[in-house]
Amino acid sequence: MTGKQRFQVAGGARLQGSVRVSGAKNSVLKLMAAALLAEGRTVLTNCPEILDVPLMAEVLRGLGAEVAIDGTTVTIDVPAALEYRADFDAVRQFRASVCVLGPLTARCGQAVVALPGGDAIGSRPLDMHQSGLEKLGATTRIEHGCVVAHAPALTGGRIDLDFPSVGATENILTAAVLADGVTILDNAAREPEIVDLCQLLTAMGAKITGAGSNTITIEGVDSLHPTTHAVIGDRIVAGTWAYAAAITQGDVTVGGISPKHLHLPLEKLKLAGASVETYEQGFRVVMNGRPQAVDYQTLPFPGFPTDLQPMAIGLAAVSDGLSMITENVFESRFRFVDEMQRLGADASVDGHHVAIRGTTELSSTSVWSSDIRAGAGLVLAALAADGVTEVHDVFHIDRGYPHFVKQLVSLGADVKRVGDGAA
Ligand code: UD1
């Protein structure tokens with residue numbers, strides 16, 4: 001049981017050294033689901049060793065696939081006929097499982113996918129997923145806690161998203177690749193994980209242009225074939241290390257990631273006073289002296305990622321001056337600021353803005369993680385606090401950060417995992 005585990009984080013160490021990030025959580029789960037589109041064996045390498053990967057494997061097994069996980073390699077054997085109902089427990093356990101909706105609708109002509117319960121970062125409706133599939137000829141409805149789609153035949157169409165939703169873009173892509181005719185998806189999400197998905201789909205035989213731009217064009221094909229694909233590096237984990245370096249006035253080199261995927265977060269660190277060197281597959285952040293306050297606004301890629309907003313708040317909490325942080329993607333993502341305040345952060349929330357005046361006197365206490373990124377942000381703030389902070393409910397952090405404690409320790413932090421079953 002990891003539910004009762006917590007981290008004891010002693011503040012004060014300057015992080016120094018190198019870490020390497022593994023594959024992106026927000027990519028691997030979608031790639032695993034996309035494997036359902038082709039009969040046969042798809043192999044994914046550079047997968048992160050996080051709980052969501054075996055959970056997604058359970059989801060795929062429930063649909064009839066065989067899945068083997070060997071370290072960072074996931075092998076998925078997909079049968080000719082799939083089960084279209086994904087309304088079992090594994091599906092309800094994590095929100096990302098909704099990404100099987102597109103592949104199942106395309107392969108089976110119908111899908112029933114259970115919806116998870118409440119979310120700590122705000123409501124997460126599926127209206128754009130549904131209206132996108134409807135533009136391709138499906139009928140959809142929410143029934144008995146599931147999203148239900150019917151599409152005896154999918155036909156290409158024109159779809160204009162109201163907002164560049166990552167999940168909706170993914171479900172539309174994975175349905176349109178097997179539709180009859182051409183789909184033009186406008187106001188599509190541009191995240192690197194979308195580009196990664198399009199690269200996998202293209203290697204499977206899909207015809208896609210415009211990935212990474214606002215407009216993606218998909219020419220449907222009759223069938224796809226399996227392939228082997230390496231998952232892109234996790235830009236959010238890499239960004240977390242970058243902000244950890246700045247918060248602790250450290251010197252950290254991060255490998256396994258294209259710095260282009262973190263352009264704005266690294267620019268913000270330069271404004272805060274860090275020196276940043278970039279390489280083809282990595283970067284180095286050095287912060288000498290106290291960081292300066294910087295303002296942030298979260299936006300879809302290439303804007304500042306909402307998933308790094310808690311790390312930006314952690315940095316603002318110790319910076320010199322006043323930072324204004326605006327959250328534009330998820331409505332309730334400031335709930336964890338209460339926990340930052342318990343560490344001594346001088347923060348006030350007003351709607352989707354938070355104003356933070358940095359202090360040099362964060363002080364240790366017990367804090368609770370409410371989601372993956374909030375938990376990581378709290379650990380970062382604790383690294384700069386006086387004394388030993390206990391960060392509870394670390395099962396959230398474990399869902400996104402493989403080997404987090406080990407890597408923190410390798411950089412010189414004094415962090416321990418304690419509680420039931422801790423090694
Ligand atoms: C994905 C990421 C998440 C990241 C987010 C934004 C995964 C598993 N999760 O989540 O870590 O923070 O992108 O970069 O990849 N919305 C609607 N209707 C819809 C769909 C979305 O109103 O049909 C709203 C959401 O409530 C939210 C916003 O659009 O306010 C962005 O959501 P979206 O981009 O879809 O995020 P996810 O795919 O859920």
Side-chain angles (χ1 to χ4, degrees), residues 23-24 26-47 53 56-70 72-86 90-91 96-113 129 132-133 136-138 149 151-156 167 169-183 185 193-209 211 216-232:
N26 286 353
S27 203
V28 67
L29 305 175
K30 324 306 173 60
L31 302 178
M32 288 175 75
L36 294 173
L37 286 164
E39 183 187 346
R41 173 170 292 187
T42 288
V43 179
L44 300 173
T45 58
N46 197 36
C47 298
V53 169
M56 183 54 101
E58 268 316 294
V59 172
L60 300 190
R61 286 183 194 118
L63 296 169
E66 283 175 27
V67 187
I69 303 173
D70 180 9
T72 58
T73 299
V74 175
T75 304
I76 304 161
D77 283 293
V78 177
L82 287 171
E83 171 58 51
Y84 70 91
R85 296 188 69 95
V91 184
S97 57
V98 79
C99 64
V100 299
L101 179 64
L104 288 183
T105 308
R107 276 293 308 278
C108 308
Q110 56 185 332
V112 176
V113 181
H129 301 238
L133 293 180
L136 301 179
L154 286 172
T155 31
T169 299
E170 290 161 344
N171 268 327
I172 292 165
L173 270 168
T174 49
V177 285
L178 289 182
D180 189 16
V182 175
T183 297
L185 176 56
E193 294 77 20
I194 298 285
V195 177
D196 200 28
L197 175 62
C198 288
Q199 279 170 354
L200 172 81
L201 293 170
T202 302
M204 293 168 82
K207 294 193 177 151
I208 301 173
T209 53
I216 304 180
T217 304
I218 307 123
E219 191 185 330
V221 295
D222 290 341
S223 64
L224 296 174
H225 52 78
T227 190
T228 296
H229 177 87
V231 182
I232 52 161

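- Judged by distance alone, with hydrogens and angles left aside, the side-chain atoms of Arg107 form no donor-acceptor pair with the main-chain N or O of Leu82 at under 3.5 Å.
- Side-chain N or O atoms of Arg41 include none that pairs as donor or acceptor with a backbone N or O of Thr75 at under 3.5 Å.
- A donor-acceptor contact shorter than 3.5 Å is absent between the side chain of Asp180 and the backbone of Ala153.
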* To do: Show the numbers, then the answer: is there a side-chain contact (heavy atoms from CB on, under 4.5 Å) between Val231 and Val74?
  => CA-CA 11 Å; Val231 182; Val74 175; over 6 Å; no

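- The nearest pair of heavy atoms linking Gly205 to Val221 is O-CG1, 3.8 Å.
- Checking side-chain atoms of Asp196 against main-chain N and O of Ser27 turns up no donor-acceptor pair under 3.5 Å.
- Contact annotation: the side chain of Pro103 approaches that of Asn171 to within less than 4.5 Å [non-hydrogen atoms, C-beta and beyond].
- In this structure Glu219 satisfies the side chain to side chain donor-acceptor pair (under 3.5 Å) test with no other residue, sequence neighbours excluded.
- Under the side chain to side chain contact (heavy atoms under 4.5 Å, CB included) rule, Glu66 has a single partner from Leu60, Asp77, Ile76, which is Asp77.
- Here the CG-OG1 distance, from Leu44 to Thr73, works out to 9.0 Å after rounding to the nearest 0.5 Å.
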* **Intermediate values then yes/no, side-chain contact (heavy atoms from CB on, under 4.5 Å), Leu154 and Leu178** => CA-CA 8 Å; Leu154 286 172; Leu178 289 182; 5.9 Å; no

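- Nearest heavy atom pair, residue Met32 against residue Ala57, reads CE-N, 3.7 Å.
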* To do: Let me see the working for Met204 and Leu200 under side-chain contact (heavy atoms from CB on, under 4.5 Å), right down to the final yes or no.
  => CA-CA 6 Å; Met204 293 168 82; Leu200 172 81; 3.8 Å; yes

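- Thr42 has its side chain out of reach of His229: every pair of non-hydrogen atoms, C-beta onward, lies at least 4.5 Å apart.
- Checked against side chain to side chain donor-acceptor pair (under 3.5 Å), Asn46 has no partners two or more places apart in sequence or in another chain.
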* From CA spacing to verdict: side-chain contact (heavy atoms from CB on, under 4.5 Å), Val182, Ile218 -> CA-CA 6 Å; Val182 175; Ile218 307 123; over 6 Å; no

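- Of the inter-residue distances, the one linking Cys198 atom SG with Glu193 atom CD reads 12.0 Å to the nearest 0.5 angstrom.
- Taking the side chain as every heavy atom from C-beta outward, Met56 and Val67 never approach each other to under 4.5 Å.
- With Ile216 as reference, Thr169 is the one residue of Thr169, Thr183, Thr209, Val195 to meet the side chain to side chain contact (heavy atoms under 4.5 Å, CB included) rule.
- Rounding to the nearest 0.5 Å places CG of Leu224 at 11.5 Å from CG of Leu36.
- Nearest approach of Ala175 to Leu136, heavy atoms of both residues: CB-CD1, 4.0 Å.
- When the side chain to side chain donor-acceptor pair (under 3.5 Å) test is applied to Thr174, no partner is found at least two apart in sequence or on another chain.
- A pairwise comparison of heavy atoms in Ala65 and Pro79 identifies CA-CD, 3.9 Å as the closest pair.
- In this structure, NZ in Lys30 is found 8.5 Å from CG in Leu197, a value given to the nearest 0.5 Å.
- With rounding to the nearest 0.5 angstrom, the CG atom of Asp70 is 11.0 Å from the SG atom of Cys47.
- Residue Ala111 comes nearest to Thr105 through the heavy atom pair CB-OG1, 3.7 Å, listed as atom of the first residue, atom of the second, then distance.
- Note that CZ of Arg85 is 11.5 Å distant from CG of Leu104, once rounded to the nearest 0.5 Å.
- Of all heavy-atom pairs between Asn26 and Glu170, the closest is O-OE2, 4.3 Å.
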